[in-house]
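Have a look at the structure below, then the notes.
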Amino acid sequence: MTSTSNPTAKPIKHFLQFSDFTRAEFEYVIERASVIKRKFKNYEVYHPLVDRTLVMVFEKNSTRTRLSFEAGMHQLGGAAIYLNTRDSQLGRGEPVEDAGQVMSRMCDIIMVRTFGQEIIERFAAHSRVPVINGLTNEHHPCQVLADIYTYWEHRGSITGKTVAWVGDANNMLYSWLQAAEVFGFHLNVSTPKGYDMDMSLVQTDRYTFFENPSDACAGADLVNTDVWTSMGYEKENAERIKAFAGFMVDDEKMARAHKDALFMHCLPAHRGEEVAASVIDGPQSVVWDEAENRLHVQKALIEYLLLGQLEN
(Lines give C-alpha, C1' and ligand atoms only; values in the text may rest on other atoms or scores of the structure.)
Protein backbone atom coordinates (compact mmCIF):
# COMPACT_ATOMS: atom_id res chain seq x y z
CA MET A 1 0.00 0.00 0.00
CA THR A 2 1.23 3.51 -0.75
CA SER A 3 0.02 6.92 0.31
CA THR A 4 1.16 10.51 0.19
CA SER A 5 -0.11 13.80 1.53
CA ASN A 6 1.33 15.62 -1.48
CA PRO A 7 0.04 14.48 -4.91
CA THR A 8 3.29 15.58 -6.56
CA ALA A 9 5.55 13.75 -4.10
CA LYS A 10 6.93 10.26 -4.49
CA PRO A 11 4.45 7.72 -3.07
CA ILE A 12 5.32 6.42 0.38
CA LYS A 13 5.89 2.71 0.77
CA HIS A 14 4.21 1.09 3.77
CA PHE A 15 4.38 -2.49 5.10
CA LEU A 16 0.87 -3.09 6.44
CA GLN A 17 0.39 -6.68 5.30
CA PHE A 18 2.60 -9.27 3.67
CA SER A 19 1.15 -8.75 0.19
CA ASP A 20 2.34 -5.11 0.18
CA PHE A 21 5.77 -6.25 -1.09
CA THR A 22 6.68 -8.12 -4.24
CA ARG A 23 8.76 -11.26 -4.16
CA ALA A 24 11.71 -9.30 -5.54
CA GLU A 25 11.43 -6.79 -2.70
CA PHE A 26 11.29 -9.58 -0.11
CA GLU A 27 14.31 -11.29 -1.64
CA TYR A 28 16.22 -8.03 -1.40
CA VAL A 29 15.20 -7.52 2.25
CA ILE A 30 16.19 -11.10 3.09
CA GLU A 31 19.61 -10.64 1.51
CA ARG A 32 20.06 -7.34 3.37
CA ALA A 33 19.01 -9.00 6.63
CA SER A 34 21.80 -11.51 6.11
CA VAL A 35 24.33 -8.71 5.56
CA ILE A 36 23.09 -6.72 8.55
CA LYS A 37 23.04 -9.81 10.79
CA ARG A 38 26.63 -10.63 9.81
CA LYS A 39 27.72 -7.11 10.74
CA PHE A 40 25.91 -7.46 14.09
CA LYS A 41 27.56 -10.80 14.86
CA ASN A 42 30.99 -9.37 13.98
CA TYR A 43 30.46 -6.32 16.24
CA GLU A 44 30.79 -4.12 13.18
CA VAL A 45 29.35 -0.65 13.70
CA TYR A 46 26.74 0.06 11.03
CA HIS A 47 24.88 3.37 11.35
CA PRO A 48 23.08 4.20 8.09
CA LEU A 49 20.20 5.88 9.95
CA VAL A 50 21.99 8.51 12.02
CA ASP A 51 19.55 11.27 13.02
CA ARG A 52 16.53 9.19 11.91
CA THR A 53 13.71 8.54 14.38
CA LEU A 54 11.30 5.61 14.68
CA VAL A 55 8.09 6.11 16.64
CA MET A 56 6.56 2.91 18.04
CA VAL A 57 2.84 3.08 18.81
CA PHE A 58 1.56 0.25 21.03
CA GLU A 59 -2.10 -0.46 21.71
CA LYS A 60 -1.34 -4.14 22.41
CA ASN A 61 1.27 -5.43 24.84
CA SER A 62 4.57 -6.68 23.49
CA THR A 63 7.94 -8.15 24.34
CA ARG A 64 9.62 -9.21 21.08
CA THR A 65 8.10 -6.48 18.91
CA ARG A 66 9.18 -3.61 21.13
CA LEU A 67 12.62 -5.04 21.87
CA SER A 68 13.42 -5.90 18.26
CA PHE A 69 12.28 -2.56 16.82
CA GLU A 70 13.78 -0.43 19.57
CA ALA A 71 17.11 -2.24 19.71
CA GLY A 72 17.22 -2.48 15.93
CA MET A 73 16.77 1.24 15.40
CA HIS A 74 19.52 2.02 17.92
CA GLN A 75 21.83 -0.48 16.22
CA LEU A 76 21.25 1.31 12.91
CA GLY A 77 22.34 4.59 14.50
CA GLY A 78 18.87 6.07 14.90
CA ALA A 79 16.52 6.72 17.80
CA ALA A 80 13.31 4.98 18.84
CA ILE A 81 10.45 6.52 20.81
CA TYR A 82 7.89 4.35 22.60
CA LEU A 83 4.28 5.51 22.80
CA ASN A 84 1.55 3.52 24.52
CA THR A 85 -1.99 4.54 23.67
CA ARG A 86 -2.83 4.52 27.40
CA ASP A 87 -0.29 7.31 27.89
CA SER A 88 -1.07 9.37 24.78
CA GLN A 89 -3.96 11.32 23.28
CA LEU A 90 -4.89 8.29 21.18
CA GLY A 91 -6.07 6.68 24.38
CA ARG A 92 -8.33 9.69 25.00
CA GLY A 93 -10.09 9.53 21.67
CA GLU A 94 -7.86 11.51 19.32
CA PRO A 95 -8.79 10.49 15.76
CA VAL A 96 -6.39 8.04 14.19
CA GLU A 97 -6.19 10.26 11.12
CA ASP A 98 -5.05 13.23 13.23
CA ALA A 99 -2.46 11.11 15.02
CA GLY A 100 -1.05 9.96 11.67
CA GLN A 101 -0.76 13.53 10.47
CA VAL A 102 0.99 14.79 13.62
CA MET A 103 3.32 11.90 14.36
CA SER A 104 4.54 11.64 10.79
CA ARG A 105 5.65 15.30 10.86
CA MET A 106 7.94 14.60 13.82
CA CYS A 107 9.71 11.39 12.82
CA ASP A 108 10.97 9.38 9.85
CA ILE A 109 9.15 6.06 10.21
CA ILE A 110 6.37 4.65 12.40
CA MET A 111 5.56 1.17 13.69
CA VAL A 112 2.02 0.53 14.94
CA ARG A 113 0.84 -2.48 16.98
CA THR A 114 -2.94 -2.31 17.32
CA PHE A 115 -6.21 -4.24 17.08
CA GLY A 116 -8.17 -3.86 13.82
CA GLN A 117 -6.33 -3.69 10.51
CA GLU A 118 -8.54 -0.80 9.48
CA ILE A 119 -6.95 1.30 12.24
CA ILE A 120 -3.45 1.01 10.82
CA GLU A 121 -4.77 1.46 7.27
CA ARG A 122 -6.41 4.76 8.28
CA PHE A 123 -3.26 5.83 10.13
CA ALA A 124 -1.04 5.09 7.13
CA ALA A 125 -3.39 6.88 4.73
CA HIS A 126 -2.67 10.11 6.64
CA SER A 127 1.05 9.54 7.29
CA ARG A 128 3.84 11.39 5.49
CA VAL A 129 6.34 8.64 6.39
CA PRO A 130 6.44 4.83 6.04
CA VAL A 131 4.26 2.84 8.44
CA ILE A 132 5.03 -0.74 9.51
CA ASN A 133 2.48 -3.19 10.91
CA GLY A 134 3.86 -4.51 14.19
CA LEU A 135 0.74 -6.70 14.57
CA THR A 136 -3.00 -6.36 14.07
CA ASN A 137 -5.85 -8.79 14.63
CA GLU A 138 -5.73 -9.71 10.96
CA HIS A 139 -2.03 -9.69 10.04
CA HIS A 140 1.46 -10.15 11.51
CA PRO A 141 3.72 -9.62 8.47
CA CYS A 142 6.99 -8.87 10.32
CA GLN A 143 6.83 -12.19 12.15
CA VAL A 144 6.20 -14.19 8.98
CA LEU A 145 9.04 -12.34 7.26
CA ALA A 146 11.32 -13.40 10.13
CA ASP A 147 10.03 -16.97 9.85
CA ILE A 148 10.72 -17.16 6.13
CA TYR A 149 14.19 -15.70 6.66
CA THR A 150 14.82 -18.29 9.38
CA TYR A 151 13.75 -21.10 7.06
CA TRP A 152 16.04 -19.68 4.35
CA GLU A 153 18.96 -19.67 6.81
CA HIS A 154 18.45 -23.32 7.72
CA ARG A 155 17.07 -24.93 4.56
CA GLY A 156 17.28 -22.47 1.67
CA SER A 157 14.38 -21.22 -0.43
CA ILE A 158 10.86 -21.89 0.82
CA THR A 159 9.49 -21.88 -2.72
CA GLY A 160 7.84 -25.19 -3.57
CA LYS A 161 7.87 -26.36 0.07
CA THR A 162 4.97 -27.38 2.30
CA VAL A 163 4.21 -25.49 5.50
CA ALA A 164 1.80 -26.93 8.06
CA TRP A 165 -0.29 -24.59 10.20
CA VAL A 166 -1.93 -26.28 13.20
CA GLY A 167 -4.17 -24.34 15.57
CA ASP A 168 -6.09 -21.09 15.59
CA ALA A 169 -7.03 -19.23 12.41
CA ASN A 170 -5.35 -16.01 13.53
CA ASN A 171 -3.25 -13.17 12.16
CA MET A 172 -0.23 -15.43 11.72
CA LEU A 173 -2.17 -17.80 9.48
CA TYR A 174 -3.47 -14.99 7.27
CA SER A 175 0.06 -13.61 6.81
CA TRP A 176 1.30 -17.14 6.02
CA LEU A 177 -1.42 -17.45 3.37
CA GLN A 178 -0.28 -14.20 1.76
CA ALA A 179 3.33 -15.37 1.93
CA ALA A 180 2.39 -18.63 0.18
CA GLU A 181 1.04 -16.62 -2.74
CA VAL A 182 4.12 -14.36 -2.89
CA PHE A 183 6.77 -17.10 -2.56
CA GLY A 184 5.00 -20.00 -4.23
CA PHE A 185 4.76 -22.59 -1.47
CA HIS A 186 1.81 -24.63 -0.16
CA LEU A 187 0.10 -24.37 3.21
CA ASN A 188 -1.55 -27.31 5.00
CA VAL A 189 -4.10 -25.82 7.39
CA SER A 190 -5.86 -27.50 10.31
CA THR A 191 -8.08 -25.52 12.69
CA PRO A 192 -10.75 -26.78 15.12
CA LYS A 193 -14.43 -26.57 14.24
CA GLY A 194 -15.80 -23.18 15.20
CA TYR A 195 -12.38 -21.55 14.76
CA ASP A 196 -12.31 -21.60 10.99
CA MET A 197 -10.62 -19.21 8.60
CA ASP A 198 -12.29 -15.92 7.77
CA MET A 199 -12.51 -16.41 4.02
CA SER A 200 -12.69 -12.66 3.41
CA LEU A 201 -9.00 -12.60 4.44
CA VAL A 202 -7.99 -15.48 2.15
CA GLN A 203 -6.88 -14.49 -1.35
CA THR A 204 -4.99 -17.56 -2.46
CA ASP A 205 -5.68 -21.18 -3.34
CA ARG A 206 -2.23 -22.32 -2.22
CA TYR A 207 -3.58 -24.22 0.77
CA THR A 208 -5.33 -27.46 1.69
CA PHE A 209 -7.59 -27.78 4.73
CA PHE A 210 -7.35 -30.87 6.97
CA GLU A 211 -9.81 -31.72 9.74
CA ASN A 212 -7.16 -33.94 11.34
CA PRO A 213 -4.14 -31.84 12.47
CA SER A 214 -1.87 -34.87 12.22
CA ASP A 215 -2.73 -35.21 8.52
CA ALA A 216 -1.81 -31.55 7.99
CA CYS A 217 1.71 -32.31 9.22
CA ALA A 218 2.23 -35.22 6.82
CA GLY A 219 5.07 -34.44 4.43
CA ALA A 220 5.55 -30.90 5.75
CA ASP A 221 8.90 -29.13 5.51
CA LEU A 222 7.93 -26.72 8.29
CA VAL A 223 5.39 -27.17 11.09
CA ASN A 224 4.05 -23.98 12.64
CA THR A 225 1.67 -23.16 15.47
CA ASP A 226 0.73 -20.36 17.85
CA VAL A 227 -1.03 -19.93 21.17
CA TRP A 228 -4.65 -21.01 21.20
CA THR A 229 -5.81 -17.79 22.83
CA SER A 230 -4.53 -14.63 21.18
CA MET A 231 -4.54 -11.19 22.81
CA GLY A 232 -8.07 -9.90 23.21
CA TYR A 233 -9.63 -13.35 23.57
CA GLU A 234 -8.52 -14.18 27.11
CA LYS A 235 -12.10 -14.63 28.36
CA GLU A 236 -12.45 -17.54 25.93
CA ASN A 237 -9.38 -19.37 27.22
CA ALA A 238 -11.11 -22.23 29.04
CA GLU A 239 -13.50 -22.79 26.15
CA ARG A 240 -10.67 -22.72 23.64
CA ILE A 241 -8.59 -25.27 25.56
CA LYS A 242 -11.49 -27.71 25.24
CA ALA A 243 -12.09 -26.93 21.56
CA PHE A 244 -8.39 -27.31 20.67
CA ALA A 245 -7.97 -30.71 22.32
CA GLY A 246 -5.87 -32.88 20.00
CA PHE A 247 -4.25 -29.90 18.27
CA MET A 248 -1.04 -29.82 20.30
CA VAL A 249 2.01 -30.22 18.08
CA ASP A 250 3.68 -33.23 19.65
CA ASP A 251 6.29 -35.80 18.68
CA GLU A 252 3.72 -37.92 16.84
CA LYS A 253 2.71 -35.05 14.59
CA MET A 254 6.32 -34.05 13.95
CA ALA A 255 7.08 -37.66 13.03
CA ARG A 256 4.64 -37.37 10.12
CA ALA A 257 6.51 -34.38 8.71
CA HIS A 258 9.70 -34.76 6.69
CA LYS A 259 12.54 -36.05 8.85
CA ASP A 260 14.41 -32.76 8.42
CA ALA A 261 11.32 -30.59 8.97
CA LEU A 262 11.65 -27.51 11.17
CA PHE A 263 9.32 -26.41 13.94
CA MET A 264 8.44 -22.74 14.51
CA HIS A 265 6.36 -20.79 17.01
CA CYS A 266 6.19 -16.99 17.16
CA LEU A 267 6.14 -17.03 21.01
CA PRO A 268 5.20 -16.73 23.79
CA ALA A 269 4.50 -20.47 24.00
CA HIS A 270 2.53 -22.60 26.43
CA ARG A 271 4.21 -25.98 26.72
CA GLY A 272 1.65 -28.71 27.13
CA GLU A 273 -1.04 -26.75 25.29
CA GLU A 274 -0.33 -25.86 21.65
CA VAL A 275 3.12 -27.49 21.65
CA ALA A 276 4.81 -30.28 23.58
CA ALA A 277 7.97 -29.36 25.50
CA SER A 278 9.81 -32.14 23.67
CA VAL A 279 9.06 -30.40 20.36
CA ILE A 280 9.73 -26.74 21.16
CA ASP A 281 12.88 -27.67 23.09
CA GLY A 282 13.84 -30.43 20.66
CA PRO A 283 16.35 -30.62 17.81
CA GLN A 284 13.88 -29.62 15.07
CA SER A 285 12.87 -26.42 16.81
CA VAL A 286 14.33 -23.13 15.55
CA VAL A 287 12.17 -20.85 17.69
CA TRP A 288 15.11 -19.00 19.26
CA ASP A 289 16.67 -18.25 15.88
CA GLU A 290 13.21 -17.24 14.71
CA ALA A 291 12.82 -14.84 17.65
CA GLU A 292 16.26 -13.28 17.14
CA ASN A 293 15.67 -12.85 13.44
CA ARG A 294 12.84 -10.41 14.09
CA LEU A 295 15.66 -8.00 14.98
CA HIS A 296 17.60 -8.49 11.77
CA VAL A 297 14.78 -8.60 9.21
CA GLN A 298 13.15 -5.53 10.74
CA LYS A 299 16.43 -3.63 10.53
CA ALA A 300 16.59 -4.56 6.85
CA LEU A 301 12.95 -3.58 6.41
CA ILE A 302 13.43 -0.17 8.05
CA GLU A 303 16.57 0.45 6.02
CA TYR A 304 14.75 -0.42 2.78
CA LEU A 305 11.72 1.76 3.54
CA LEU A 306 13.91 4.76 4.38
CA LEU A 307 16.89 4.39 2.02
CA GLY A 308 15.72 2.10 -0.78
CA GLN A 309 17.97 -0.55 -2.22
CA LEU A 310 21.64 -0.37 -1.30
CA GLU A 311 24.66 -2.12 -2.76
CA ASN A 312 27.03 -2.15 0.23
Side-chain angles (χ1 to χ4, degrees), residues 17-19 23 26 138-141 143-230 240 243-267 269-270 273-276 278-280 282-287 289-290:
Q17 52 186 299
F18 204 90
S19 59
R23 178 167 174 171
F26 280 121
E138 293 85 358
H139 299 286
H140 200 356
Q143 181 64 60
V144 173
L145 176 57
D147 293 356
I148 289 173
Y149 174 73
T150 304
Y151 187 89
W152 175 81
E153 274 192 323
H154 286 266
R155 297 288 186 266
S157 174
I158 200 168
T159 299
K161 303 299 184 181
T162 298
V163 177
W165 177 267
V166 175
D168 193 18
N170 63 9
N171 49 12
M172 283 292 297
L173 173 56
Y174 298 123
S175 287
W176 270 111
L177 286 163
Q178 289 190 352
E181 185 66 23
V182 172
F183 279 94
F185 59 86
H186 195 80
L187 210 62
N188 287 351
V189 179
S190 186
T191 61
K193 290 181 180 179
Y195 297 88
D196 311 295
M197 291 186 290
D198 179 350
M199 297 309 295
S200 69
L201 296 175
V202 180
Q203 288 129 13
T204 183
D205 59 1
R206 291 183 174 275
Y207 73 94
T208 303
F209 182 81
F210 295 84
E211 290 188 4
N212 186 330
S214 182
D215 292 341
C217 297
D221 301 285
L222 168 62
V223 178
N224 212 321
T225 192
D226 195 2
V227 295
W228 292 340
T229 306
S230 298
R240 282 173 174 259
F244 284 74
F247 276 78
M248 179 173 68
V249 177
D250 53 20
D251 294 304
E252 289 73 20
K253 291 183 181 66
M254 289 301 298
R256 297 199 63 188
H258 283 161
K259 63 179 181 179
D260 65 344
L262 301 177
F263 171 78
M264 292 189 189
H265 189 307
C266 64
L267 303 176
H270 300 134
E273 287 188 15
E274 74 275 3
V275 60
S278 56
V279 171
I280 194 171
Q284 291 173 279
S285 174
V286 291
V287 297
D289 291 341
E290 178 189 4

Yes or no on side chain to side chain contact (heavy atoms under 4.5 Å, CB included) for D168 and D226, after CA distance, side-chain angles and deciding distance? CA-CA 7 Å; D168 193 18; D226 195 2; over 6 Å; no

Q17 and side-chain hydrogen bond (donor to acceptor under 3.5 Å, both in side chains): which partner among H140, E138, Q178? Q178

Taking the six-membered ring for Trp and the single ring otherwise, decide whether the centroids of W165 and Y174 are under 6.0 Å apart. no

With a 4.5 Å heavy-atom cut-off, do V227 and H270 have their side chains touching? yes

Measure the spacing between CE of M172 and CG of N224 and express it to the nearest 0.5 Å. 5.5 Å

Are R240 and Y195 packed together at the side-chain level, in the sense that at least one heavy-atom pair is separated by less than 4.5 angstrom? yes

Within-4.5 Å side-chain heavy-atom neighbours: E273 and T229: no

To the nearest 0.5 Å, what is the distance between NE2 (H186) and OG1 (T208)? 2.5 Å

Mind checking the OG1-CE spacing from T225 to M264? Nearest 0.5 Å is all I need. 13.5 Å

Could you give the distance from CE (M197) to CZ (F209), rounded to the nearest 0.5 Å? 6.5 Å

Interatomic spacing from CD in E290 to NE2 in H265 - rounded to 0.5 Å: 9.0 Å

Euclidean distance, M254 CE relative to L262 CG, rounded to 0.5 Å: 7.5 Å

Indicate the ring-plane relationship of F18 and F26, choosing parallel, tilted or perpendicular according to the 30° and 60° boundaries. parallel

Would S214 and N212 count as having a side-chain donor-acceptor pair, cut-off 3.5 Å? no

Verify side chain to side chain contact (heavy atoms under 4.5 Å, CB included) between Y151 and V163, making sure each step is shown before the conclusion. CA-CA 11 Å; Y151 187 89; V163 177; over 6 Å; no

Measuring only between side-chain heavy atoms, which start at C-beta, is D215 closer than 4.5 Å to S190? no

